[in-house]
Enquirer: 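I have a structure I would like to understand better, so I am pasting it below and will then ask my questions one at a time.
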Amino acid sequence: MNKYIILLILCSICFSSSLSQQEKFFCKQCHKFVHTIQKVEHFWDKSIVWFLELVAEGYCSYAKIEKHSVCKGAIHEMTPVIFEGIQKRFLDEDFICPLIRWCPKVYEELKLEDYVSNILKDKPLNTQWPEIDGTDTIEIIHVSDIHTDLLYKEGTLPKCNEPLCCREEFKAKENDPKAGYWGSAAVCDLPERTFEQFVNFLKTDVINPNKKTFLFWTGDNVQHDVWKQGREYNIKNSRRITEIFTKGDLGITFIPQIGNHEAFPVNQYDYMTEKDSNLRVEFSNMWRDWLGDETAEFFKQNGFYAKEFDNFKVIAFDSQICNPDNWYLLKDPTDPTGFLQWAEQELKESELKEQAVYFTAHIYTSSCLVPWARRFNALVERYAYIVRGQIYGHAHGEFFNLYKDQNGEPMNIAYISSSLTTYTYKLPSFRKFIVDAKTMIPLNYYEYRLDLEKYNQIGKDAILKWDIAFDFLSEYGATRMYPADLFAITERLFKEPELVKKFDFNSNSGTGISGDSARYLYCKLNHSINDDLHLCLGEKLKKDWTDYISPGWRRRIVYKSKKESKKSKKQKKQKKQQQ
């Protein structure tokens, strides 16, 4: 009889026991029993994982989601992670024994309402950004989702029967469309040579030597062949990109962070063990010259870091901590690595110093787990007047998310940038912000795009130049980039069809219009939390299977001994008498 049948039997009698009846004896026996089962579980685990993989592969192939080889590779990578997450959470003695009332509760629920009220209890009355000084500016370049493909091949099929094309195995016939030398806006990633030209272009045409310049690099460097990757395979792209940036000798400050594709399997990062810590080790060593020894060591230990520059601070975090596709979070999603608690302390310090703050990561919060996003939203609301910018990637399309306070008023902004890769029919894009040097409030930004068709026609001798596709203020008819001003832009969507087309076109990185409605774009731009987006669209919130098994936020209960309880009661009594 395996442990799952035993678990069902235990659960069937769960309410027949009482904590008051020989509690210590039953609790000890329960722990021993579950622990014994776990010692002999390996055969059953492997059998169940094998069976689940077989079923999933069959469905994937039958439903024609992908070809069989892709289904098999991806499912083989993911199934053990999902199974381990469920197992560690729900088949653990600290979960089972309190559930069947043979032990006291080990964990208590951390309610969202309590967190939000605690964070906002000392929120300042005035949370408005100051007036722009305007005497000097700095510049922030944002590049994301580079996704170089080291196996890209000119002349191959840009559309194929796999999730990544433009490779040697996809031979093109005489009349077929063919992959260009510098890239293809199709189901293809970026040739490394195009990235090398991009770095040259930054140096010659984008970076102003008379301005302090920062480059925010928000990750996702690996090609999209996720069904046949490995740890070293995934790190290779990032290492080469770092080397190319370094050789470019750009004379600017780098703020790097990893994306969800750097992990192997894709999206999966285990914060509860040290099994994935080698990823942080690799990147901290790779970026040590940029971060400095102290920050690199901190990043290696935690996956996030802060850097201070004169009057502002950058907080860069690994968004795997809130990634809905990170199945390791099934074990416990409660503030992995303690980032939120640490970020609160960093914000408090910046508040005392009257220091502006920028957040940056790969995944923007409207694509994060909702419980995490609501907590982060509360943190941003509390310190909204010093948080002057948030910079993210991941979307492969450019737009923004407005953060709302508890009254529904806009109070902060996340800027989401397009990708440098061409993957899923994009033009290679990046962005440059012009920022007021004193207040650190963005004044404007310029969106750059590469005309692939033009340079592919020229061929290998071309010198690539990215064109300025638009600047934000001119494109959207604004005079400032404060939260209220961006909200006013979104309200115009219902009256200006041309504005809808602009947002739609730019969300597709200049490669066409999806036909997004004014309502959809209004909701997308106005919400930093996924559930709120769907409610705005008039949709009912539906649970999928992951919602039923996803654990809530919790913390371990610290029980006091009898002596400690007596001492605590005595101290309370003495305080009352003194009053």
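Computed from a predicted structure; not experimentally measured.
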Enquirer: Side-chain contact, heavy-atom cut-off 4.5 Å: Glu349 with Lys313?
Expert: yes
Enquirer: Do Asp276 and Arg231 meet the salt-bridge criterion of a basic N to acidic O distance under 4.0 Å?
Expert: yes
Enquirer: Taking NZ, NE, NH1 and NH2 as the nitrogens, is one of them in Glu192 or Arg240 under 4.0 Å from a carboxylate oxygen of the other?
Expert: yes
Enquirer: Among side-chain atoms of Asn260 and Asn323, is any donor-acceptor pair under 3.5 angstrom?
Expert: no
Enquirer: Salt bridge check, Lys247 against Glu243: does any charged N sit closer than 4.0 Å to a carboxylate O?
Expert: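 Here Glu243 does not pair with Lys247 in a salt bridge, since their nearest N and O are not under 4.0 Å apart.
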Enquirer: Can you check whether Gln320 reaches Asn326 side chain to side chain, under 4.5 Å on heavy atoms?
Expert: yes
Enquirer: Does a donor on one side chain sit under 3.5 Å from an acceptor on the other, for Glu398 and Tyr445?
Expert: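 Judged by distance alone, the side chains do pair up.
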Enquirer: With the threshold set at 4.0 Å, does a side-chain nitrogen-carboxylate oxygen contact exist between Glu282 and Arg239?
Expert: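 Salt bridge between Glu282 and Arg239, a charged N being under 4.0 Å from a carboxylate O: yes.
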Enquirer: Is the terminal nitrogen or CZ of Lys524 (NZ for Lys, CZ for Arg) located under 6.0 angstrom from the six-membered ring centre of Phe399 and within 45° of that ring's axis?
Expert: yes
Enquirer: Answer yes when Arg556 and Asp94 have at least one side-chain N-carboxylate O distance shorter than 4.0 Å, and no when they do not.
Expert: yes
Enquirer: Apply ring-ring contact (aromatic ring centres under 6.0 Å, His included) to the pair Phe298 and Trp342, showing each step before the final yes or no.
Expert: CA-CA 12 Å; Phe298 189 88; Trp342 171 84; 5.6 Å; yes
Enquirer: Measure across Gly393 and Ser144 and return the closest heavy-atom pair with its distance rounded to 0.1 Å.
Expert: CA-OG, 3.3 Å
Enquirer: Does the distance from Cys368 SG to Cys322 SG come in under 2.5 Å?
Expert: yes
Enquirer: Check this for me: does any side-chain nitrogen of one of Arg555 and Glu109 sit under 4.0 Å from a carboxylate oxygen of the other?
Expert: no
Enquirer: Considering only heavy atoms from C-beta outward, does the side chain of Ile529 approach that of Thr365 to under 4.5 Å?
Expert: no
Enquirer: Before giving the answer on side chain to side chain contact (heavy atoms under 4.5 Å, CB included), spell out for Thr334 and Leu110 the whole-Å C-alpha distance, their side-chain angles and the decisive distance to 0.1 Å.
Expert: CA-CA 9 Å; Thr334 309; Leu110 292 175; 3.8 Å; yes
Enquirer: For residues Met411 and Lys404, determine if any side-chain heavy atom of one lies less than 4.5 Å from a side-chain heavy atom of the other.
Expert: no
Enquirer: Hey, are the side chains of Ser350 and Val387 touching, using non-hydrogen atoms and a 4.5 Å cut-off?
Expert: no
Enquirer: For the cysteine pair Cys27 and Cys97, state whether the SG atoms are less than 2.5 angstrom apart.
Expert: no
Enquirer: Do Asp532 and Arg374 meet the salt-bridge criterion of a basic N to acidic O distance under 4.0 Å?
Expert: yes
Enquirer: Among Leu215, Thr360, Ile391, Ile140, which one satisfies side chain to side chain contact (heavy atoms under 4.5 Å, CB included) with Ile255?
Expert: Thr360
Enquirer: Specify whether Trp290 and Trp287 have parallel, tilted or perpendicular ring planes, treating 30° as the upper limit for parallel and 60° as the lower limit for perpendicular.
Expert: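 Correct class here is parallel.
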Enquirer: Using the six-membered ring wherever Trp is involved, compare the ring planes of Phe317 and Phe376 and label them parallel, tilted or perpendicular (cut-offs 30° and 60°).
Expert: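 Phe317 and Phe376: tilted rings.
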Enquirer: Using side-chain heavy atoms (C-beta onward) and a distance below 4.5 Å, is Lys121 in contact with Arg382?
Expert: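 No, every pair of side-chain atoms sits at 4.5 Å or beyond.
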Enquirer: Side-chain contact, heavy-atom cut-off 4.5 Å: Phe339 with Asn302?
Expert: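 No, every pair of side-chain atoms sits at 4.5 Å or beyond.
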Enquirer: Do Asp270 and Lys331 sit within salt-bridge range, that is, some charged N less than 4.0 Å from a carboxylate O?
Expert: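 Salt bridge present between Asp270 and Lys331.
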Enquirer: Look at the rings of His147 and His396 and say which category their plane angle falls in: under 30° parallel, 30 to 60° tilted, over 60° perpendicular.
Expert: tilted
Enquirer: Do the side chains of Val357 and Ile315 get nearer than 4.5 Å, heavy atoms only?
Expert: yes
